[in-house]
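All remarks here apply to the structure that follows.
In what follows, every chain begins at residue 1, and chains take the letters A, B, ... in the order their sequences are listed.
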Protein chains: 2
Amino acid sequence: MEDQNPLLLESQICFKIYTLEREITKLYRNLLEDLDMTYPQYLVMLLLWEKDAMTVKEIGKRLFLDSGTLTPMLKRMEVNGIIERKRSAKDERSVIISLTNKGKELKEKAECIPSKLVEDISMDNAELTILNKTLTNMLYRLQGETTSN
Amino acid sequence: MEDQNPLLLESQICFKIYTLEREITKLYRNLLEDLDMTYPQYLVMLLLWEKDAMTVKEIGKRLFLDSGTLTPMLKRMEVNGIIERKRSAKDERSVIISLTNKGKELKEKAECIPSKLVEDISMDNAELTILNKTLTNMLYRLQGETTSN
DNA sequence: TATTATTTAATTGTACACAATTTAATTTTA
DNA sequence: TAAAATTAAATTGTGTACAATTAAATAATA
């Protein structure tokens with residue numbers, strides 16, 4: 001099973017992660033269609049459902065996204081009426097993102113998503129646990145390099 | 001280690017894959033900077049270095065990308081002088097993508113990339129093998145659903 | 001305290017990604 | 001063979017990503 005040619009596309013784990021990410025986004029696209037949000041937007045909502053009212057900075061830190069991505073995305077979410085954006089009174093540099101009532105109400109409709117997703121993926125728990133561990137390990141190594149500057 | 005709240009962000013494998021994909025793209029960005037190409041463009045080049053002259057259709061099938069992504073990307077690669085695009089004489093609907101001399105010459109400069117990447121990731125072979133297997137499995141399940149329509 | 005440095009978002013510009021539609025060419029079939 | 005169906009790219013429109021820069025506010029310090 002050794003790889004003769006390191007340039008051979010199929011042998012590359014990175015390509016699989018690249019492809020898998022898009023397949024997963026596709027799954028979420030279907031699951032989130034009713035909620036009228038995208039996967040990255042759903043990630044923001046997960047944070048806010050867990051703890052309402054966070055700054056853009058905090059959200060960026062948790063999702064590893066910068067303002068160039070978040071600012072326009074959060075504006076779209078504001079237009080859709082699921083979040084509010086307002087400057088912090090304490091520190092005018094910061095923008096606080098909080099849920100609207102509509103945004104809060106969506107939580108209930110989203111509760112079923114993780115289980116549906118696990119169903120779609122249809123892998124047994126043992127394998128998922130190993131995968132989770134390996135991904136965590138890999139992520140730790142890569143982010144150790146990247147976030148240290 | 002069981003998860004109380006299934007909506008908790010950190011517990012989600014999908015988020016890790018989403019994050020990992022961007023970390024990997026970041027690694028490639030650095031490695032490919034000299035070659036003046038992006039990661040998706042590099043994937044196209046891998047295919048062409050392996051077998052020159054493919055249609056857009058074939059490339060899309062291998063990379064799971066559609067013409068909405070490929071057409072503008074291939075045009076950029078053409079502008080950069082690494083590939084050529086021309087209509088097939090046999091079937092005017094198809095566009096054949098082939099390497100220019102500059103594109104062929106880049107292969108040599110790219111030979112070192114996989115090893116550098118493995119170095120950056122710095123995971124042992126056993127773990128990489130398991131990861132590869134699990135990713136393949138997961139991909140098989142997801143694409144089995146998605147590509148069947 | 002006035003100046004400098006840092007921090008937080010926003011902005012600008014480039015490059016994917018993909019759904020949906022359009023256009024042109026080729027096949028199929030009535 | 002003419003009409004209908006299919007196929008391959010291109011186009012249109014929306015939504016991330018991210019590097020690099022800018023603007024405004026706050027913190028640090030000379």
Contact under 4.0 Å: Lys75(B) side-chain N or O vs dT11(D) OP1/OP2: yes

Residue closer to the 5' end of DNA chain C, Leu74(A) versus Arg29(A) (nearest nucleotide): Leu74(A)

Nearest-nucleotide comparison on DNA chain C, the residue closer to the 5′ end among Arg22(A) and Asp91(A): Asp91(A)

Out of [options], which has the shortest distance to the side chain of [X]?
{"X": "Arg76(A)", "options": "dG15(D), dC18(D), dA10(C)", "answer": "dG15(D)"}
{"X": "Pro40(A)", "options": "dT16(D), dT11(D), dA9(C)", "answer": "dT16(D)"}
{"X": "Glu21(A)", "options": "dA17(D), dC18(D), dA25(C)", "answer": "dA17(D)"}
{"X": "Glu92(A)", "options": "dT26(D), dA15(C), dA10(D)", "answer": "dT26(D)"}

Nearest-Å distance, [atom1] ([X]) to [atom2] ([N])?
{"X": "Lys26(B)", "N": "dC18(D)", "atom1": "NZ", "atom2": "C1'", "answer": "8 Å"}
{"X": "Arg85(B)", "N": "dA9(D)", "atom1": "CZ", "atom2": "P", "answer": "10 Å"}
{"X": "Ile97(B)", "N": "dA10(D)", "atom1": "CD1", "atom2": "P", "answer": "7 Å"}
{"X": "Tyr18(A)", "N": "dA17(C)", "atom1": "OH", "atom2": "P", "answer": "3 Å"}
{"X": "Leu65(B)", "N": "dA10(D)", "atom1": "CG", "atom2": "P", "answer": "14 Å"}
{"X": "Met73(A)", "N": "dA17(C)", "atom1": "CE", "atom2": "C1'", "answer": "16 Å"}
{"X": "Gln41(A)", "N": "dT14(D)", "atom1": "CD", "atom2": "P", "answer": "14 Å"}
{"X": "Asp66(B)", "N": "dA20(C)", "atom1": "CG", "atom2": "C1'", "answer": "10 Å"}

How would you label the contact of [X] with the nucleic acid (heavy atoms, under 4.0 Å): base, sugar-phosphate, or nothing?
{"X": "Thr69(A)", "result": "base"}
{"X": "Thr25(B)", "result": "nothing"}
{"X": "Lys61(A)", "result": "nothing"}
{"X": "Ser67(A)", "result": "base"}

First encountered from the 5' end of DNA chain D, between Lys90(A) and Arg87(B): Arg87(B)

Residue mapping more 5' on DNA chain D - nearest nucleotide basis, Ala89(A) or Thr38(A): Thr38(A)

NZ/NE/NH1/NH2 to OD/OE distance under 4.0 Å, Glu119(A) and Lys116(A): no

Test: Glu78(A) and Arg85(A) ion pair at under 4.0 Å: yes

Heavy-atom neighbours of Lys90(B) NZ exceed 12 at 6.0 Å: no

Arg22(B) NZ/CZ over Tyr18(B) ring centroid, <6.0 Å and within 45° of normal: yes

Same apolar cluster (I L V M F W Y, side chains within < 4.5 Å links), Phe64(A)/Tyr28(B): yes

Donor-acceptor contact present, side-chain Thr100(B) to main-chain Ile82(B), <3.5 Å: yes

